[in-house]
Amino acid sequence: MSVQTDKLVIGGREFSSRLMVGTGKYADFRQMARALEISGAEIVTVAVRRVNISDRGKESLLDYLDTSRYTLLPNTAGCYTADDAVRTCRLAREAGLSDFVKLEVLGDEKTLFPDTEELLKAAKILVKEGFTVLPYTSDDPILCRKLEDLGCAAVMPLGAPIGSGLGICNPYNIRIIMETVKVPVIVDAGVGTASDAAVAMELGCDGVLMNTGIAGASDPIAMAEAMKLAVIAGRLAYKAGRIPRKLYATASSPLEGIIGE
Amino acid sequence: MDIILNGESRTVACRTVAELLELLGIDPRRVAVELNMEILPKAEYGAKALSSGDRIEIVHFVGGG
């Protein structure tokens, strides 16, 4: 299996990279653009916010994002109700002229865990309005099945709380989610370093989405490359099929012909 | 005329959304506009007349995860 032929398909669109990255928290737009480039990501998330009327900055995010290269995935970060999330998605579609949205409806500020009731409500409306919905969800297989049943194009369970860097806290749930749904499973949130991304991919996830893991690193450019390689390595290892875990040793060298017998 | 622009009261001298964006120096291709809670398609920026008391939201993309 080669990485080149192993495409990720979401909402009828094909992607070569299984790493999706955010555009927030970088030192400046230049650093963000370089990190995105090195990461090899094709899908990048953006947030939707009011234009600052009184203090209009000279540069805007889109000056640094080549939209012919990247698929923008607007998020509904900061929305705590289905109504606000739906409203944000409608604005995002008008601003970006794409149906792709990362739907997140948050439950509280401390954990940023999803409000699952509002999430389902919003997903239902958005799918009906023709959006390609990628929901950020709890790592709950039943909820993921419900989101798939509603018509979401993927499910994006959290590995750990947003920005926590705790890694994949419940790999067993992620595995069950993958057995439960047919749509792509993207681990979204919690990745702190390259091995976390590799673990997600080795579990068989279809992709990984991260922002703070790269942008918050001491050297975001180097971490972007590390994440790119980790996602590729993890995917290849998953496809290659790892050896079973055993408690005791199995010799790698032949037992016959040992001298001195 | 008085409008509520991105949550703040403002007095502006423009008849349409297109004129408002021009006045504010905003590239219409890079924003989305909501007029009284309804999305305003870009094709209507030039034709849609503003009325006193209108609530207008102008949003764009910023960095986020």
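As the structure is a computational prediction, the values presented were derived from the model and not from experiment. Each chain gets a letter, A, B and so on, in the order its sequence line appears, and its residues count up from 1.
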- Item | Region of A/L65 in contact with chain B, defined by heavy-atom distances below 4.5 Å | neither

- Message: Within a 6.0 Å radius of atom NZ on B/K48, are there more than 12 heavy atoms belonging to other residues, nucleotides or ligands?
- Response: no

- Provide the closest heavy-atom pair for A/T23 versus B/V62 in the form atom of the first, atom of the second, distance. OG1-O, 4.0 Å

- Query: Could you state the interatomic distance from OG (A/S60) to NE2 (B/H60), rounded to the nearest 0.5 Å?
  - Reply: 7.5 Å

- Item | Contact leader toward chain B among A/L61, A/V51, A/V46, where contacts are heavy-atom pairs under 4.5 Å | A/V51

- Atom CD of A/E37 with >12 non-hydrogen neighbours under 6.0 angstrom: yes

- Query: Side-chain contact, heavy-atom cut-off 4.5 Å: B/R29 with A/L62?
  - Reply: no

- Message: Take a 6.0 Å sphere around CZ of A/R30 and say whether it holds more than 12 heavy atoms from other residues, nucleotides or ligands.
- Response: no

- Item | Euclidean distance, B/E38 CD relative to A/R87 CZ, rounded to 0.5 Å | 10.5 Å

- Honestly, the part of B/L40 sitting under 4.5 Å from a heavy atom of chain A is backbone

- Proximal component of B/I39, with respect to chain A [non-hydrogen, under 4.5 Å]: side chain

- Residues B/E34, A/R90: salt bridge by 4.0 Å N-O rule: no

- Message: With rounding to the nearest 0.5 angstrom, report the CZ to OG1 distance, B/R30 to A/T67.
- Response: 8.5 Å

- Query: What part of B/R10 lies closer than 4.5 angstrom to a heavy atom of chain A: side chain, backbone, both or neither?
  - Reply: side chain

- Message: With heavy-atom distances below 4.5 Å as the criterion, would you say the side chains of B/V59 and A/E94 are in contact?
- Response: no

- Message: Rounded at 0.5 Å granularity, tell me how far CG in B/L23 sits from CD1 in A/I53.
- Response: 10.0 Å

- What residue in A/A95, A/G22, A/S54, A/A92 has the most heavy-atom pairs under 4.5 Å with chain B? A/A95

- Task: Heavy-atom pairs under 4.5 Å with chain B are the metric here; pick the option from A/N211, A/L91, A/I162, A/V48 that has the most.
- Result: A/L91

- Query: Can you tell me if B/N6 uses its side chain to pair, donor with acceptor, with the backbone of A/R50 under 3.5 Å?
  - Reply: no

- Query: A/K102 versus chain B, heavy atoms under 4.5 Å apart: side chain, backbone, both or neither?
  - Reply: side chain

